[in-house]
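Presented below is the structure to which this report refers.
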2 protein chains.
Amino acid sequence: MQVLSYTEENYLKGIFKLTIEMADKTEAGTNEIATHLGVKPATVNDMLKKLKDKKLIHYERYGKSSLTKEGKKRAIEIVRKHRLWETFLHEKLAFNWDEVHEVAEQLEHIQSKKLIDKLDQFLNYPSADPHGDLIPNAKGELSILPRKTLIEELVGHQCKMVGVKDNSAEFLKYVDKLGLSINQPIKVKAKQAYDNQIDIEVNGKKHSISPKFAEQIIIVCPTCNKK
Amino acid sequence: MQVLSYTEENYLKGIFKLTIEMADKTEAGTNEIATHLGVKPATVNDMLKKLKDKKLIHYERYGKSSLTKEGKKRAIEIVRKHRLWETFLHEKLAFNWDEVHEVAEQLEHIQSKKLIDKLDQFLNYPSADPHGDLIPNAKGELSILPRKTLIEELVGHQCKMVGVKDNSAEFLKYVDKLGLSINQPIKVKAKQAYDNQIDIEVNGKKHSISPKFAEQIIIVCPTCNKK
DNA sequence: TATAATTGTTAGACTAGCCTAACAAATTTT
DNA sequence: AAAATTTGTTAGGCTAGTCTAACAATTATA
């Protein structure tokens, strides 16, 4: 598989944003792409011809552009890398969520399949980046798992925290104390019929939490949705 | 502080390796740099003029080149980034020590002071990378003992292995068999004038090694440098 | 020391990615 | 439907980084 230049990758990513992530359109015009990327239309025109030759986009003279199947696949790989790096910067290196984008713009162009797969693993296969945007998996699939709260999770299942409902300092402090954070795996060990307390395991540590608390923790559960 | 291009950074790093990390020289020739970087001498010639204009190297027509104070500072920053990334890949993402170099070659060019300082912190301020090479700190300080190969070491001196040149499985297996590893002390007992075999002592055990082998073992020798 | 070999430089050409200026096609407005 | 506006294309030029081929300076050798 041919390696694309830094610039070619940025064009694919830009066209992806304009045609696939924007709900209302499936094609992008030359001027529109130019504005989005901060270059002149003449420059875009040259690149569109080049990307067409490489079979990464559909393009005809005076027409709009869109990604081919291969082009879309490539674009999704770049988006995946971008969002995984953002997650890394935020979760592991304590960058603020509004500082991560600029650095991820550079990191997303690093060429190494092994690197990105290992990073994914290291981050616990996150499904969303610090901005809440979904992260495609290694196959390029955007898994939209239904969200629920921890109180609804089945005993024996392993789920992943993706957010909270309560945002009070008091609540967040408790969340923190239990070792919970975005993308943190949680295993439900048992539920007490008597008072609905839930026994969970987080990072090897066991806790018993109240239903009131569990109700505030938003999760997704791959196990529930498999098959 | 002006930002250097990917290519300019690679030239500085190359000149650094040839003039500062190699024991016996303080200047590098045009052809030598070309060979090291895998480009033609004519190309190097252009870049040397450019780096001279930017006051990053000392260079005169038909003369050898060396880094200025500023050039050296820049080169050390790149080396620092390279080695921190190697450490990250090895320690956090479970890359083998012989797989990290290629990816670090790309990562070392990411421009973000904050990123590299956070990474340093995340890794607990490591002082050596997976190959045993020293990592300069944020101030660029590094206790540089000149590196050379075992074949150059004087009889009677005790040195320390800090790396290898050959990375083939065959070679590394032999290295292992002799009890050699990063930071392993080696004593040179004798050299045979007849066939240049070198008698060494590693961990109390004596071995006789070929010059071909010795040439691949990178060492530092405190004795040689203690005047 | 004269010659050969090596090392370094110059000139000219190429590509990728960018630009401006002029023009052409498509679309919108009147 | 003609004119005006917007959108897209082309031609030609620029820079960084690369190359080859010819030449010049330096160094090693006979």
Side-chain angles (χ1 to χ4, degrees), chain A residues 2-15 18-19 22 24-67 71 74-75 78 105-106 108-109 111, chain B residues 2-15 18-19 22 24-67 71 74-75 78 105-106 108-109 111:
Chain A
Q2 74 197 311
V3 171
L4 302 180
S5 74
Y6 189 102
T7 311
E8 288 168 330
E9 290 198 342
N10 277 138
Y11 275 85
L12 287 186
K13 192 179 55 156
I15 298 170
L18 294 173
T19 61
M22 287 296 178
D24 53 333
K25 294 194 288 91
T26 58
E27 298 179 309
T30 304
N31 281 11
E32 192 186 356
I33 296 169
T35 306
H36 183 76
L37 296 178
V39 297
K40 299 293 166 190
T43 308
V44 172
N45 190 261
D46 287 346
M47 183 59 88
L48 293 181
K49 290 173 188 165
K50 193 172 151 193
L51 292 175
K52 188 197 165 152
D53 285 350
K54 293 195 175 187
K55 297 194 174 18
L56 295 167
I57 64 168
H58 300 294
Y59 164 75
E60 295 302 334
R61 207 155 163 270
Y62 289 104
K64 308 271 182 190
S65 305
S66 62
L67 297 174
R74 294 305 202 90
I78 300 160
E105 286 287 295
Q106 296 179 62
E108 73 191 6
H109 300 290
Q111 302 291 160
Chain B
Q2 74 198 310
V3 171
L4 302 179
S5 72
Y6 189 104
T7 311
E8 287 169 330
E9 289 197 345
N10 276 139
Y11 275 85
L12 286 185
K13 194 180 55 157
I15 298 170
L18 293 172
T19 61
M22 281 299 168
D24 53 332
K25 295 194 287 94
T26 58
E27 298 178 311
T30 304
N31 282 11
E32 193 185 354
I33 296 169
T35 306
H36 183 77
L37 296 178
V39 296
K40 299 293 167 190
T43 308
V44 172
N45 190 263
D46 288 345
M47 183 58 89
L48 293 180
K49 289 173 188 166
K50 191 172 153 194
L51 293 175
K52 189 199 167 151
D53 286 348
K54 293 196 174 185
K55 298 196 178 6
L56 295 168
I57 65 167
H58 301 293
Y59 164 76
E60 296 302 334
R61 208 156 161 268
Y62 289 104
K64 308 272 182 190
S65 305
S66 62
L67 297 174
R74 293 305 202 90
I78 300 160
E105 285 287 295
Q106 297 179 61
E108 73 190 6
H109 299 290
Q111 301 292 160

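Proteins get letters first, then strands, A, B, ... in listed order; numbering begins at 1 in each. Predicted model only: the values in this text are computed from it and were never measured. Every heavy atom of this structure was used, including side-chain atoms; hydrogens, water molecules and symmetry mates were not.
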key: Residue met sooner reading DNA chain C from 5', once B:Gly29 and A:Val39 are mapped to nucleotides   = B:Gly29
Whole angstrom value for the distance that separates [atom2] of [N] from [atom1] of [X]:
X       : N      : atom1 : atom2 : result
B:Asn45 : D:dC19 : CG    : P     : 13 Å
A:Asn31 : D:dT7  : CG    : C1'   : 5 Å
A:Lys54 : C:dT15 : NZ    : P     : 14 Å
B:Tyr6  : C:dA16 : OH    : P     : 18 Å
A:Tyr11 : C:dA16 : OH    : P     : 14 Å
B:Leu48 : D:dA16 : CG    : P     : 16 Å
A:Lys40 : D:dC14 : NZ    : C1'   : 16 Å
A:Met47 : C:dC18 : CE    : C1'   : 10 Å

task = Indicate yes or no for a side-chain donor-acceptor contact from A:Lys64 to the backbone of A:Glu27 under 3.5 Å, with no hydrogens or angles considered.
result =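 Such a contact is absent between A:Lys64 side chain and A:Glu27 backbone.
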Measuring to OP1 and OP2 of [N], would you say a side-chain N or O of [X] lies under 4.0 angstrom away?
X       : N      : result
A:Thr43 : C:dC19 : yes
B:Lys64 : C:dT7  : no
B:Arg61 : D:dT26 : no

Kindly give the heavy-atom pair with the smallest separation between [X] and [Y], and that separation in Å.
X       : Y        : result
A:Thr19 : A:Ser65  : CG2-O, 4.0 Å
B:Leu37 : B:Asn10  : CD2-O, 3.7 Å
A:Tyr6  : A:Glu105 : OH-O, 4.0 Å

key: Sugar-phosphate, base or nothing in reach of A:Tyr59, heavy atoms under 4.0 Å   =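 A:Tyr59: backbone/sugar contact only, no base atoms under 4.0 Å.
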Residue from A:Lys13, A:Gln2, A:Glu9 passing side chain to side chain contact (heavy atoms under 4.5 Å, CB included) with A:Arg74 = A:Gln2
Side chain of [X] - closest among [options]:
X       : options                : answer
B:Asp46 : D:dA21, D:dT10, D:dT18 : D:dT18
B:Lys49 : D:dT9, D:dT10, C:dT10  : C:dT10
A:Thr30 : D:dC19, D:dT10, D:dT9  : D:dT9
A:Tyr62 : C:dC18, C:dA26, D:dT18 : C:dA26

